[in-house]
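For reference, the structure is listed below as structure tokens.
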Amino acid sequence: MYQFAKLSRRWLVVILFAAVPQSSLAFAGENGVADPPPAFAWAKEPRPLTDIAFTDEQGTPLALEDFRGKWVVLNMWATFCIPCLQEMPSLNNLQAKLGGAEFEVVALNEDFGKIERKVELATQYYADNQLENLKVYVDYNALDKKSYFKLQIGGMPTTILIDPEGQELGRHCGAADWDGDEALDILRSAMAGTPVAAAADARQLCPDLD
């Protein structure tokens, strides 16, 4: 039984990597090539999100509802996801530049295992890489509570822009440079109610948003 559990987990890792868009894998090269700016696939209309439950590093239960009134950049990541790690420093810098009472980057860890293990992995990764501006948030282990599935994430990293009413405005699939001028312009334009047009390939990276 134990061997079967180990094998299943291993195959699940393979499946998740297969689900990551190939273009996002290309962003994580070892030659120092920078990530591109985000190309949001904008929803035709702001759409309500199924509320998801997760915890902070103390195990305190949280939900998206707790962030109402803020603009949220919700990023789904894991320590085994190379493109995720590629963009984490820029998300940390984004939080430093825009974070506050009206804006927060919520980086939600999707590693395997119990909450305590997820917290340990995320906390250690933050410490090793001086990611001092991001808070530790981790998803529940039970599959029926997985935010990953409830939000219909097709691969990691995926980043969702959520308005203060808790509605999804759009999402970017794959790694991106989140603290560059282009990313900041995209986010500020959305916050001002005038989102810039999506790049031509945005809907190839993400599923259509009705």
Side-chain angles (χ1 to χ4, degrees), residues 5-6 8-21 24 28 38 49-96 98-100 103-162 166 168 171-176 178-179:
K6 287 182 65 178
S8 297
R9 179 171 295 179
R10 184 179 304 161
W11 277 106
L12 185 55
V13 171
V14 172
I15 291 169
L16 283 174
F17 269 114
V20 177
S24 69
L49 287 174
T50 300
D51 205 14
I52 59 172
F54 49 98
T55 78
D56 62 14
E57 59 185 319
Q58 283 81 38
T60 305
L62 294 169
L64 284 179
E65 178 71 25
D66 296 315
F67 295 85
R68 286 288 182 94
K70 280 188 174 185
W71 289 88
V72 172
V73 167
L74 176 65
N75 177 265
M76 315 296 278
W77 75 287
T79 59
F80 60 77
C81 167
I82 294 174
C84 300
L85 305 186
Q86 177 89 359
E87 68 176 0
M88 289 301 286
S90 70
L91 285 166
N92 182 67
N93 293 337
L94 174 62
Q95 175 63 21
L98 294 186
F103 182 95
E104 183 168 350
V105 175
V106 176
L108 185 57
N109 179 270
E110 295 290 333
D111 274 293
F112 299 112
K114 296 181 179 180
I115 290 175
E116 294 79 8
R117 179 176 183 270
K118 297 174 189 287
V119 169
E120 181 181 358
L121 287 170
T123 301
Q124 188 62 55
Y125 180 76
Y126 283 9
D128 290 345
N129 293 276
Q130 295 81 48
L131 304 182
E132 300 175 350
N133 302 309
L134 296 175
K135 295 180 181 179
V136 172
Y137 297 113
V138 302
D139 202 355
Y140 285 102
N141 185 47
L143 292 182
D144 62 340
K145 289 187 177 180
K146 270 280 192 181
S147 305
Y148 186 97
F149 298 109
K150 285 189 173 183
L151 296 174
Q152 298 179 311
I153 304 298
M156 291 188 288
T158 292
T159 304
I160 300 175
L161 179 60
I162 304 171
E168 176 177 355
R171 62 179 61 187
H172 173 84
C173 300
W178 290 102
D179 63 335

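In this text the structure is predicted, and so the values were computed from the model without any measurement. Numbers for residues simply follow the sequence, beginning at 1.
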(request) Give a yes or no answer on whether the side chain of N109 reaches the backbone of D111 with a donor-acceptor pair at less than 3.5 Å. (result) yes
(request) Run the numbers on V73 and L98 for side chain to side chain contact (heavy atoms under 4.5 Å, CB included), then give the verdict. (result) CA-CA 11 Å; V73 167; L98 294 186; over 6 Å; no
(request) Looking only at non-hydrogen atoms, find the nearest pair between M76 and C84 and report the distance. (result) O-SG, 4.2 Å
(message) Check this for me: does any side-chain nitrogen of one of R117 and E120 sit under 4.0 Å from a carboxylate oxygen of the other?
(response) no
(request) Report the C-alpha distance between T158 and Y148 in whole Å, list the side-chain angles of each, state the deciding distance to 0.1 Å, and finish with yes or no for side chain to side chain contact (heavy atoms under 4.5 Å, CB included). (result) CA-CA 10 Å; T158 292; Y148 186 97; over 6 Å; no
(request) Indicate the atoms forming the closest heavy-atom contact of F80 with M156, along with that distance. (result) CZ-CE, 3.9 Å
(request) Return yes when atom CD of Q58 has more than 12 non-hydrogen atoms of other residues, nucleotides or ligands closer than 6.0 Å, and no otherwise. (result) yes
(message) Looking at V105, is its backbone amide N or carbonyl O close enough to the side chain of Q95 to form a donor-acceptor pair, meaning the two atoms are under 3.5 Å apart?
(response) yes
(request) Output yes when a side-chain donor or acceptor of D51 lies under 3.5 Å from a complementary backbone atom of E65, and no otherwise. (result) yes
(request) Quick one: pull up NZ in K150 and CG in L49 and give me the separation to the nearest 0.5 Å. (result) 12.0 Å
(message) Would the distance check show the side chain of E87 and the main-chain N or O of A176 forming a donor-acceptor pair, the cut-off being under 3.5 Å?
(response) yes
(request) Please name the pair of heavy atoms, one in K70 and one in E104, separated by the smallest distance, quoted to 0.1 Å. (result) NZ-OE1, 2.9 Å
(request) Please examine the side chains of H172 and W178, heavy atoms only from C-beta on, and report whether any two atoms are closer than 4.5 Å. (result) yes
(request) Indicate the ring-plane relationship of F67 and F54, choosing parallel, tilted or perpendicular according to the 30° and 60° boundaries. (result) parallel
(message) If you apply the rule side chain to side chain contact (heavy atoms under 4.5 Å, CB included), what do you find for I160 with I153, and how did you get there?
(response) CA-CA 10 Å; I160 300 175; I153 304 298; 4.1 Å; yes
(message) Please check: side-chain N/O of D139 versus main-chain N/O of K146, any donor-acceptor pairing under 3.5 Å?
(response) no
(message) Do Q130 and N92 have side chains that approach each other closer than 4.5 Å (heavy atoms only, starting at C-beta)?
(response) no
(request) Would you name the heavy atoms of P61 and D66 that are closest together and state the gap between them? (result) O-OD2, 4.4 Å
(request) Would you give the length of the straight line joining atom OH of Y125 to atom CG of L85, rounded to the nearest 0.5 angstrom? (result) 4.0 Å
(request) Answer yes or no: is there a side-chain heavy-atom contact under 4.5 Å between I52 and L108? (result) yes
(message) Using every non-hydrogen atom in the two residues, find where L94 and D179 come nearest and quote the distance to one decimal.
(response) N-CB, 3.9 Å
(message) Rounded at 0.5 Å granularity, tell me how far CG in N129 sits from CD in Q124.
(response) 9.5 Å
(request) Would you give the length of the straight line joining atom CD of E168 to atom CG of L64, rounded to the nearest 0.5 angstrom? (result) 10.5 Å
(request) State, to 0.1 Å, how close A107 and M88 come at their nearest heavy-atom pair, and which atoms those are. (result) CB-CE, 4.1 Å
(message) Nearest 0.5 angstrom please: I115 CD1 to D56 CG, how far?
(response) 10.0 Å
(request) Indicate whether the side chain of N75 and that of T159 have a donor and an acceptor atom separated by less than 3.5 Å. (result) yes
